[in-house]
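All remarks here apply to the structure that follows.
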Amino acid sequence: MALRSARGAFMRAEVEFLSGMARGFKGRAHEALDGHQRPVSVHVTDVAPGRLLIRGAAEDSKTLRQVLGWLESRPEVQVATCQRSTGLVKVHYQEASRLPGAFALRVRDFVFTLHQLPPKPFQVEVQHALPGRVRLRVRGLEDDDILKLAAWAATLPGVHKASASPAIHSLVVSFDPEVLNASQLMTALRTSEPSTWPAAPQPPRREWAATAFNSAVLAACVVNAAPMPMLTAGVALTSLPLAQRAFQAVAERRITVDLLDLVAVGVSLATGQVRTAALITSLLGIGDLLIERSADRARSAISRLMRLEVLYAWRLRVDGEVEQVRADRLKEGDLIVVHTGESVPADGTVLSGTAWVDEKALTGESEPRVREAGGRVLAASVVGEGSLRVRVVRAGVETTAAKILHILEGAGAKPMTLQAKVDSVANGVVLPTFGLAAATGLWTREASRPISILITDFGTGVRIVVPASALVAMTLAARQGILIKGAQYLERLAQADTIVFDKTGTLTLGVPEVVDVIPARGWDARQVLSLSAAAELRQSHPVAEAVRRHALAQGVEVPRPEAGLEEVVLGRGVCAQVNGRRVCVGSARWMQQQGVDVTDAGAALSRSVPREVSTLWVTVDGALAGCIRYVETLRPESAGVVHALKENGRRRIVLLSGDAPARVAEVGSRLGVDEAIAELLPEDKATHVRALRRQGRIVAMVGDGINDAPALALADVGISLRGATDVALETADVVLLRGSLDDLLLAFDAGRDTLARVHRGLGLVLVPNAVAMVLAALGWLPPVAAAVVNNGSTVVAGFAALAPLFRQARAAQREDANTH
């Protein structure tokens with residue numbers, strides 16, 4: 001007998017844990033690629049103070065119009081232009097906020113929300129109004145959304161209480177007339193953004209009451225405490241929830257295990273076996289209760305493990321006084337104070353003070369970090385010693401901690417492929433089970449055998465094991481600083497047979513160092529360095545920063561380029577107007593596209609260029625002026641990680657880079673990759689990833705989440721090492737929050753362990769029930785025993801899947817006890 005928990009209590013808990021990923025954190029449009037809906041990246045990059053670039057918006061005319069229209073409406077924007085040849089939107093702006101980078105963050109937030117699914121339109125009308133109280137009619141919202149809207153309304157200033165009646169689509173709000181009026185309240189509700197509404201309050205639990213009633217009916221049947229018609233009616237009443245689910249599935253043209261349970265109860269009542277029917281419904285209720293309790297424990301375990309919710313904050317008022325406010329009432333620009341032992345309530349920038357900050361709940365990093373003026377702090381991190389004065393950058397649902405929790409809660413909106421397969425198999429067995437029960441009943445002329453067969457099923461257990469295992473893996477991974485955005489990515493991590501790496505910032509530390517400047521004949525090295533640093537002055541690429549650092553170290557004077565005349569081509573190079581001359585700095589491939597042949601530059605340069613180092617070429621007014629040699633340091637863990645991932649040939653490792661062939665070949669050789677491809681633009685990397693997938697390979701792409709965004713989007717699973725940044729959270733499917741390549745191994749281990757845990761759980765469900773079905777057909781298993789086997793295997797499998805989470809929660813409790 002199935003514990004209908006897949007349709008009942010556990011599935012409700014699963015929805016709590018495993019819903020909401022459809023909105024995610026990927027600021028992407030969608031287009032058809034290779035027959036699939038694949039995301040296209042739209043990214044914002046800071047170029048210099050007062051300048052930024054938006055890449056990808058021009059790929060879609062509607063997106064471009066939206067971006068330019070929004071920019072034109074912003075008072076900070078001085079000029080915004082789109083360069084059709086590169087698809088870049090260039091923005092010059094005047095920062096209105098005293099917080100550096102605030103406008104860039106607003107642009108990123110706008111881009112992020114561009115392609116979210118538009119909320120369903122809804123209407124709010126006044127039904128009845130009194131001073132301080134109004135009843136509203138809500139149209140166009142589901143019941144859960146009405147509850148969410150009421151929860152959101154309750155957070156408005158001046159609102160005392162907001163209660164919803166979903167059945168009649170109404171909302172009653174009590175408020176302070178001196179703070180707001182009904183018209184202001186209506187405006188706020190109508191213009192509210194559904195994505196900001198809090199989760200709907202949970203309805204009261206009825207499992208205990210249902211279990212008690214079922215048990216009372218069973219006891220009455222055992223002792224014959226009432227006439228048989230009354231007992232039969234009581235058992236029929238206990239089966240009403242089961243009948244509701246079964247008929248709903250049939251109306252949707254689905255045959256599920258609930259129908260098996262309902263027929264088993266019906267046959268038992270029809271043949272006069274009222275006690276058997278009462279036992280079935282009673283065990284169903286007990287199963288619901290047990291699974292509901294396990295879901296509660298899992299929810300509590302996640303809360304204890306992650307500890308990401310901060311309720312209150314100390315905010316500085318204009319008059320200098322400190323007030324305690326709810327953390328979700330904070331907004332950008334607020335000043336807050338965080339003292340020793342307190343959790344930081346919002347993401348922000350430290351204005352003054354010095355403190356040790358523990359970010360273990362977010363990044364899994366146990367070593368506290370020193371935070372002082374100019375540094376950043378994240379919500380849910382804990383000040384271990386010291387105090388900080390912080391300006392809020394992000395609060396409420398916009399904080400990194402809130403986004404991590406949102407991702408964990410939305411873990412199953414895109415379930416594993418394995419989930420779909422086992423669901424299909426389990427439902428596919430329903431009709432054969434009916435056939436076996438009917439054949440057994442006709443052959444033996446006994447009612448107990450077909451009832452035992454009908455009680456035994458496979459569907460409920462498998463629907464519990466898969467999502468529960470994924471939930472555990474994602475939560476434990478987040479505890480280690482690895483953010484996995486969905487159950488499907490765990491499965492793809494386990495199945496990936498090709499891993500594609502970017503070089504700069506991924507396998508290397510991303511901090512290049514200039515080792516030499518080689519001028520062309522007629523040029524001086526200091527001249528070449530000065531002009532190159534000037535062209536790169538407003539660029540934020542690591543190589544540009546290396547050029548500027550080298551110029552500073554050499555004491556070279558760097559002139560300022562003429563504003564607004566730069567041309568930046570991501571992954572290729574930059575041109576700027578410096579002292580009336582056009583200076584271009586970039587790759588050999590780009591220079592050749594500009595009409596400058598650098599393949600035979602040896603004769604023009606004062607000395608030869610070693611092939612094993614990376615090279616930037618410099619031209620002035622279209623003529624070669626020299627080149628700059630730089631090197632990047634490999635991450636110390638890169639070679640070990642690549643070797644471990646190969647697993648004796650199980651996975652193929654591919655290196656894709658925009659660097660020179662000699663340098664890429666040298667890095668590939670040192671690391672032992674299977675294939676290294678050089679001189680690639682971001683779109684070229686995406687093409688290679690697409691080609692690998694067309695070959696039937698399951699591809700994991702590891703990159704920095706910015707220039708590699710197209711390839712990350714096209715891969716089966718995109719992995720970023722950029723840490724808890726906006727770009728990483730929006731672009732990658734897996735984010736290594738600590739930025740260490742070693743955590744990549746933990747991510748793949750999480751995928752492998754999840755599939756192993758799923759297979760063990762399926763064994764706990766399938767084997768006992770298969771044996772029970774055979775024994776029932778042979779008449780060796782009465783209905784009571786069949787119910788115990790079916791329910792028992794489901795409960796055991798569910799608790800086995802959640803066991804690692806409970807162990808971690810207990811360990812965290814012991815750690816807290818030892819600390820205090």
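In this chain, residues are counted from 1 in sequence order. The model shown is predicted, which means the values in this text are computed figures rather than measured ones.
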Over all atoms of both residues, closest heavy-atom pair of [X] and [Y]:
| X | Y | answer |
| --- | --- | --- |
| Leu231 | Ala226 | CD1-O, 3.5 Å |
| Leu493 | Gly751 | CB-CA, 4.4 Å |
| Gly234 | Val217 | C-CG1, 4.0 Å |
| Cys221 | Val274 | SG-CG1, 3.7 Å |
| Ala750 | Ala473 | O-CB, 4.4 Å |
| Ser239 | Val265 | CB-CG1, 4.2 Å |

Any heavy-atom pair between the side chains of [Y] and [X] that's under 4.5 Å?
| X | Y | result |
| --- | --- | --- |
| Ser174 | Val159 | no |
| Leu764 | Ser793 | no |
| Leu189 | Leu171 | yes |
| Ser448 | Pro782 | no |
| Val134 | Phe175 | yes |
| Met186 | Val126 | yes |
| Val173 | Arg133 | no |
| Asp716 | Tyr489 | no |

For [X], give me all partners under salt bridge (Lys or Arg N to Asp or Glu O under 4.0 Å), at least two apart in sequence or on another chain.
| X | result |
| --- | --- |
| Arg326 | Asp328 |
| Arg445 | none |
| Arg752 | Asp749 |

Using modelled atom types only, decide if a donor and an acceptor are shared between the side chain of [X] and the backbone of [Y] within a distance under 3.5 Å.
| X | Y | result |
| --- | --- | --- |
| Arg449 | Ala776 | no |
| Ser452 | Leu781 | yes |
| Arg135 | Val172 | no |

Nearest 0.5 Å please: distance from the [atom1] atom of [X] over to the [atom2] atom of [Y].
| X | Y | atom1 | atom2 | value |
| --- | --- | --- | --- | --- |
| Ser163 | Ile146 | OG | CD1 | 12.0 Å |
| Leu766 | His759 | CG | NE2 | 10.5 Å |
| Met228 | Leu269 | CE | CG | 10.5 Å |
| Leu762 | Arg757 | CG | CZ | 12.5 Å |
| Leu185 | Arg190 | CG | CZ | 10.0 Å |
| Leu755 | Leu490 | CG | CG | 8.0 Å |

Kindly determine whether Trp780 and Val774 satisfy side chain to side chain contact (heavy atoms under 4.5 Å, CB included), including the steps that lead there.
CA-CA 9 Å; Trp780 296 346; Val774 173; over 6 Å; no

Show your reasoning for whether side chain to side chain contact (heavy atoms under 4.5 Å, CB included) applies to Met773 and Thr433.
CA-CA 9 Å; Met773 187 172 291; Thr433 302; 3.9 Å; yes

Check the surroundings of atom CD in Gln244: do more than 12 heavy atoms from other residues, nucleotides or ligands lie under 6.0 Å from it?
no

Would you please test Arg137 and Val124 for side chain to side chain contact (heavy atoms under 4.5 Å, CB included) and show each step?
CA-CA 6 Å; Arg137 174 79 172 178; Val124 182; over 6 Å; no

Would Ile453 and Phe434 count as a side chain to side chain contact (heavy atoms under 4.5 Å, CB included) if you check the C-alpha gap in whole Å, the side-chain angles of each, and the deciding distance to 0.1 Å?
CA-CA 8 Å; Ile453 293 173; Phe434 275 122; over 6 Å; no

